[in-house]
Amino acid sequence: MYSRIEQCRVAAGLSRQDLADAVGVHYQTVGYLERGEYSPSLNLALRLAAILDTRVEELFSLEPFPEEVAR
Amino acid sequence: MTLKQQWDASRQRNEDAVAAHADKLLNDRRWDRLRTRGARVGLVVGFLAVLVAIPGVFVRFGSLAGLAVVMLGIAVWLALRLSVRTIADLPDDYLDERQLAVRNASYVSAYRWLASVVSVVLSAGLVAFVVLGEGPDMWTVTLTWGLVSGVFWAMLGLLLGLPSMMLALQDRV
């Protein structure tokens, strides 16, 4: 799975710990989510999207995001 | 304040204390040196070595020496638990969904390993009994206090430590 959490988190000016506290997970879990090494539950995905003020499909994708393809 | 209010307040204080303790254990970075891949593998190997040594020390050198090795095993077990943030032992309420998934997978692995080890040991014992014995009921196993103590402490250590060992080897917490 591909994730844009890190870009959205940095754009929102949040640290991993801030985001972890906001959605109620351990800071390590945010790292796993950012690296695409953990697929969250729908509940957690929706909470992340709400905190980062975006939509779930903007955060996660089964295909690489366009900017990753370009790299 | 009624008795029920006192009971509720006491329970709340207890829950708050457990939550604070769990939070400290999960986020304490003082023990990060124990959380490297090498340190975790070293702790697992060390703990297994102590477990294997316990029965032999009890039988050969007596209870006092055996208990000293048990103390060493407890110290290694505590370090092993810290290296995996005590995730194997914390209640579900204090873990997030990824930690819960990793913890549950570690218990499945622990059960499979335990079942395999016990099956192999029991089967080997049965085969040895048949091969080494000269006939039915011709082979006697003498249970001494040292042997029983050693096997007890080694099995207890294995049962308590196996989930943390699996977590340490998975290296995902």
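Residue numbers begin at 1 in each chain, while the letters A, B, ... track the order of the sequences.
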Return the minimal non-hydrogen interatomic distance between B:Asp171 and A:Tyr32, and the atom names on each side.
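Shortest heavy-atom contact: O-OH, 3.9 Å.
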Does any heavy atom of chain B fall under 4.5 Å from the side chain of A:Glu37, the backbone, both, or neither of them?
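It is neither, since no heavy atom gets under 4.5 Å.
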Transitively linked via ILVMFWY side-chain contacts under 4.5 Å: A:Phe60 with A:Leu42?
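Same hydrophobic cluster.
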Would you find more than 12 non-hydrogen atoms of other residues, nucleotides or ligands less than 6.0 Å from B:Leu122 atom CG?
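More than 12 within 6.0 Å, yes.
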Quick one: are A:Gln28 and B:Arg85 in side-chain contact, heavy atoms under 4.5 Å?
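They are in contact (side-chain heavy atoms under 4.5 Å apart), so the answer is yes.
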Got a sec: does the CD of B:Gln6 have more than 12 other heavy atoms crowding it under 6.0 Å?
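Yes - once you tally the heavy atoms of other residues, nucleotides and ligands closer than 6.0 Å, there are more than 12.
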Does B:Val45 belong to the same Ile/Leu/Val/Met/Phe/Trp/Tyr cluster as B:Leu169, with side-chain heavy atoms less than 4.5 Å apart forming each link?
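Same hydrophobic cluster.
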In the single-linkage hydrophobic clustering (I, L, V, M, F, W, Y; side-chain heavy atoms under 4.5 Å), do B:Val41 and B:Leu51 co-cluster?
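B:Val41 and B:Leu51: one cluster.
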Compare every heavy atom of B:Glu97 with every heavy atom of A:Ser41, then report the nearest pair and how far apart it is.
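Shortest heavy-atom contact: OG-OE1, 2.6 Å.
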Specify which of A:Val23, A:Thr29, A:Leu33 makes the most heavy-atom pairs with chain B at under 4.5 Å.
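Greatest number of close heavy-atom pairs with chain B: A:Thr29.
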Rounded distance [0.5 Å steps], CZ in B:Arg98 versus NE2 in A:His26
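Output value for this atom pair is 8.5 Å.
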